[in-house]
2 protein chains.
Amino acid sequence: MTVTLADVAARARVSPATVSRVLNGNYPVAAATRERVLRAVAEMDYVLNGPASALAAATSDLVGILVNDIADPFFGIMAGAAQSEIGRPEGSGRAGGAKLAVVCNTGGSPERELTYLTLLQRQRAAAVVITGGALEDPAHIAAMTAKLTRLAQAGTTVVLCGRPPLPAGGPGAPIEAAITFDNRGGGRRLTEHLLALGHRRIGYVAGPPERTTTRHRLEGHRAALRAAGITEDQDRLTRHGPYTRRSGHEATLELLRRDPGLTAVVAANDTVALGACAALRELGLRIPGDISVAGFDDLPFAVDVGPALTTVRLPLAEAGARAGRIAMGREAVPPGGLATMGATLLARASTAAPHD
Amino acid sequence: MTVTLADVAARARVSPATVSRVLNGNYPVAAATRERVLRAVAEMDYVLNGPASALAAATSDLVGILVNDIADPFFGIMAGAAQSEIGRPEGSGRAGGAKLAVVCNTGGSPERELTYLTLLQRQRAAAVVITGGALEDPAHIAAMTAKLTRLAQAGTTVVLCGRPPLPAGGPGAPIEAAITFDNRGGGRRLTEHLLALGHRRIGYVAGPPERTTTRHRLEGHRAALRAAGITEDQDRLTRHGPYTRRSGHEATLELLRRDPGLTAVVAANDTVALGACAALRELGLRIPGDISVAGFDDLPFAVDVGPALTTVRLPLAEAGARAGRIAMGREAVPPGGLATMGATLLARASTAAPHD
DNA sequence: CTGTTAGCGCTTTCAG
DNA sequence: CTGAAAGCGCTAACAG
């Protein structure tokens with residue numbers, strides 16, 4: 001029923017091989033012949049059979065992008081940038097190069113992460129870009145390392161974006177490259193900003209435990225505190241939860257219950273900060289008059305919430321684009337396969353000196 | 001190098017056919033044999049070759065989800081819900097059913113929409129879910145109709161989510177179903193709310209022209225005005241632009257320049273409303289004291305901006321999930337293939353009676 | 001520059 | 001319930 005390469009070849013009065021060649025543009029074909037083939041393709045509305053060509057060529061034009069939460073712009077921005085780089089036609093006016101960049105939503109679940117990787121392996125994906133922080137569970141790290149090793153063996157290029165190479169400081173999975181963010185430095189600078197304003201009792205609403213992103217941001221926070229000579233037990237002033245508004249809301253109430261003397265709350269990211277702000281408002285506290293709040297990521301809405309959120313900007317789009325280009329082999333792999341992108345403090349209206 | 005079905009068969013001492021049967025679980029196999037095969041699969045770390053099986057079976061386990069802007073939670077929420085339904089294993093403990101739901105970001109570009117559809121057709125996708133409003137350009141409608149027709153002929157199920165069937169009230173493309181939102185009704189109720197508060201001069205920051213979503217929301221707005229006896233030329237109080245914060249910002253300034261007497265601004269969606277709020281604040285106007293602002297969609301951040309945004313809630317997750325289930329044949333197609341989901345007015349703090 | 005010839009790895013009748 | 005055999009539609013040497 002559907003038209004095949006052979007049908008096109010018959011109509012163009014050439015061999016199937018020739019049709020394949022003009023379609024893939026990777027082999028010299030006489031201009032006249034090419035045109036005749038192209039005309040036949042157009043006339044017959046021919047669409048290449050992806051599976052068949054993938055089978056024969058032992059590689060497909062599918063590129064997977066894994067994200068933890070597709071409804072979160074943090075991932076959407078990275079994925080969009082990566083996808084647009086990957087979908088971009090190759091430099092010269094070639095017919096090939098058109099890759100199908102697809103994003104897969106793991107929902108933050110380690111099992112689904114592995115499942116998607118298997119599905120992508122099954123499709124013989126040309127490359128895989130994995131975004132967002134990783135789970136630091138030994139079993140999962142082992143499973144991921146094994147899976148990525150197999151993917152690499154099968155010829156799939158693996159690039160991490162916003163995630164450190166796995167395992168953190170171990171033998172390492174055979175990835176092409178890793179683009180990471182300076183979460184630790186960003187966290188440190190954010191807290192230094194608060195300390196400079198005069199804050200001493202700072203609550204911290206952390207992300208889910210065992211996530212690299214969570215740990216690094218928290219480490220930066222604590223390093224700043226330590227450097228300022230604040231040595232008291234910080235665990236009491238820290239509460240872990242998912243990267244959601246709701247978690248920020250609950251955690252803030254809880255932290256304030258534990259220590260009503262807090263003058264500032266630092267959230268694991270902007271979304272969590274939104275929940276913190278809401279909780280504070282419900283308590284009748286003014287921001288930053290009564291208490292300061294800070295986020296992380298600088299998502300587009302951060303500047304619009306009331307008051308504009310002090311946060312740390314991460315070059316999400318740039319990182320995603322870079323990961324996409326590396327996955328396509330269009331950008332040199334950074335030295336050591338590792339590139340860290342800066343995190344910039346953005347001091348806005350939600351932080352101010354504590355009210356004596 | 002990589003292990004094939006035949007390798008597994010050899011190790012399990014059965015024929016390749018048998019291995020295929022246990023893997024697909026669609027044919028009776030003796031329990032003992034099945035177990036032997038499964039063990040061999042596990043021991044050899046075998047992963048099915050997707051392209052080969054898709055070629056042989058003439059269908060793949062790929063399902064595409066098209067979105068206009070992956071960085072926008074409006075799409076992220078729908079896509080996430082759809083993807084999670086599609087990725088969900090089938091009811092019974094079957095091995096099959098595991099579909100690879102992938103989201104494709106068109107960036108709102110008609111060409112890329114068509115390109116992705118072709119790529120998906122090339123992959124012999126099992127189904128395609130297209131989210132978001134459609135472009136009402138005759139040429140694009142024709143191209144889409146043709147493309148969707150070919151997809152359907154090739155056995156791909158097409159479901160629209162948040163988009164009316166194409167062409168609007170014409171012969172219609174052969175889609176399985178369309179889930180739409182009551183954008184018109186929502187728009188009408190939102191403006192009725194403003195009118196009830198006493199507003200008479202309302203600026204409208206519309207979305208991109210020629211988009212169904214834009215048109216329907218605007219129609220609802222104008223219907224409410226007409227019903228209230230406001231007959232003056234509304235074009236002067238309307239300005240089109242992309243669904244971005246920046247557009248909301250610029251358009252609001254422009255509308256206020258055209259008519260400084262505006263007492264309210266209605267935005268095409270929450271993101272645009274954010275830009276409108278920012279512009280108003282820069283002008284030193286208080287919301288809602290000096291001027292009211294309303295959005296549309298009720299994205300998660302809407303309640304957190306200052307002041308909390310009056311908007312219209314759309315059941316995005318529910319619509320996406322439903323579209324996903326229909327695409328998988330797990331939910332009955334609604335009567336006439338068309339289901340409209342309600343839009344609920346959410347009156348919050350950003351709207352109030354005009355200040356005399 | 002173009003045609004011929006083998007498969008790629010799997011599914012699927014069709015027989016047992 | 002299981003095996004044998006015939007392709008699915010395309011690409012990739014290899015000749016010409």
Side-chain angles (χ1 to χ4, degrees), chain A residues 1-38 40-41 44-62 95-96 119 121-126 154-155, chain B residues 1-38 40-41 44-62 95-96 119 121-126 154-155:
Chain A
M1 180 58 249
T2 72
V3 18
T4 74
L5 224 202
D7 299 334
V8 175
R11 187 198 251 264
R13 313 193 134 280
V14 295
S15 73
T18 300
V19 178
S20 171
R21 294 198 262 251
V22 346
L23 257 24
N24 290 301
N26 53 6
Y27 217 79
V29 173
T33 312
R34 174 202 313 288
E35 197 177 325
R36 198 141 39 86
V37 170
L38 256 16
V41 167
M44 305 181 83
D45 249 341
Y46 172 67
V47 173
L48 196 65
N49 183 317
S53 100
L55 173 59
T59 110
S60 86
D61 55 5
L62 207 65
L119 254 24
Q121 178 184 359
R122 174 180 302 188
Q123 301 295 333
R124 303 300 187 254
Chain B
M1 181 58 244
T2 73
V3 18
T4 73
L5 225 201
D7 300 333
V8 175
R11 187 195 255 261
R13 314 196 132 280
V14 295
S15 73
T18 300
V19 178
S20 170
R21 293 198 262 252
V22 345
L23 257 24
N24 290 302
N26 53 6
Y27 216 80
V29 173
T33 311
R34 174 202 312 289
E35 199 178 324
R36 200 143 37 86
V37 169
L38 257 16
V41 166
M44 306 184 80
D45 250 341
Y46 173 65
V47 173
L48 196 64
N49 183 316
S53 97
L55 172 58
T59 112
S60 85
D61 55 5
L62 207 65
L119 253 22
Q121 177 184 359
R122 173 179 302 187
Q123 301 295 331
R124 302 303 188 251

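Basis for what follows: all heavy atoms, side chains included, without hydrogens, waters or symmetry-related copies.
- One atom, OH of B/Y27, and another, C1' of C/dC14, lie 9 Å apart when rounded to the nearest Å.
- Note that CG of A/D61 is 10.5 Å distant from CD of A/Q123, once rounded to the nearest 0.5 Å.
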Report task. Before giving the answer on side-chain contact (heavy atoms from CB on, under 4.5 Å), spell out for A/L119 and A/R122 the whole-Å C-alpha distance, their side-chain angles and the decisive distance to 0.1 Å. Result -> CA-CA 5 Å; A/L119 254 24; A/R122 174 180 302 188; 4.1 Å; yes
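- Annotation for B/L23 and B/L48: closest pair CD2-CD1, 4.2 Å, computed over non-hydrogen atoms.
- Residue contacts for B/V19: at a heavy-atom cut-off of 4.0 Å it reaches no nucleic acid atom on any strand shown.
- Contact between the side-chain N/O atoms of A/T4 and the OP1/OP2 oxygens of D/dC8 is not found at any separation under 4.0 Å.
- Across every non-hydrogen atom of B/R13 and B/R36, the tightest pair is O-NH1, 3.8 Å.
- Here the nucleotide nearest the side chain of B/T33, chosen from D/dT2, D/dG9, D/dA4, is D/dT2.
- Distance from the side chain of A/P28 is smallest for C/dC1 among the nucleotides C/dT11, D/dT11, C/dC1.
- Minimum atom distance to the side chain of B/L55 is reached by D/dC8, of the listed C/dT12, C/dT11, D/dC8.
- Whole-Å rounding puts the A/R122 CZ to C/dG9 C1' distance at 14 Å.
- In this structure, the CD atom of A/Q123 is 20 Å from the P atom of C/dC8, given to the nearest Å.
- C/dT2 atom C1' lies 11 Å from atom CZ of A/R36, rounded to whole Å.
- Note on A/S15: every side-chain N or O is 4.0 Å or more away from OP1 and OP2 of C/dT2.
- Across D/dT2, C/dT4, C/dC1, the shortest atom-to-atom separation from the side chain of A/A30 is found for C/dC1.
- Going from atom CG of B/L23 over to atom P of C/dT12 covers 13 Å, rounded to whole Å.
- Taking atom CZ of A/R21 as the reference point, atom C1' of D/dA12 lies 9 Å away to the nearest angstrom.
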Q: Go through the steps to decide whether B/E35 and B/V22 satisfy the test side-chain contact (heavy atoms from CB on, under 4.5 Å), and finish with yes or no.
A: CA-CA 9 Å; B/E35 199 178 324; B/V22 345; over 6 Å; no
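- Between the CG atom of A/N26 and the C1' atom of D/dT11 there is a distance of 9 Å, given to the nearest Å.
- Residue A/S53 places none of its side-chain N or O atoms closer than 4.0 Å to OP1 or OP2 of D/dG9.
- Nearest-nucleotide positions on DNA chain D for B/P16 and A/P16 put B/P16 closer to the 5' end.
- Taking 4.0 angstrom as the limit, B/N24 places a side-chain polar atom (N or O) nearer than this to OP1 or OP2 of C/dT11.
- Where B/A57 and B/R34 meet DNA chain D, the nucleotide closest to each residue was compared, and B/R34 sits on the side nearer the 5' end.
- Residue A/A58 is out of contact with every strand shown, counting any heavy-atom pair closer than 4.0 Å.
- Spacing between atom CG of B/L5 and atom C1' of C/dT11 amounts to 9 Å, rounded to whole angstrom units.
- A/S60 and A/A125 get closest at one heavy-atom pair: OG-CA, 3.9 Å.
- Under 4.0 angstrom from either OP1 or OP2 of C/dT11 there lies at least one side-chain N or O belonging to B/S20.
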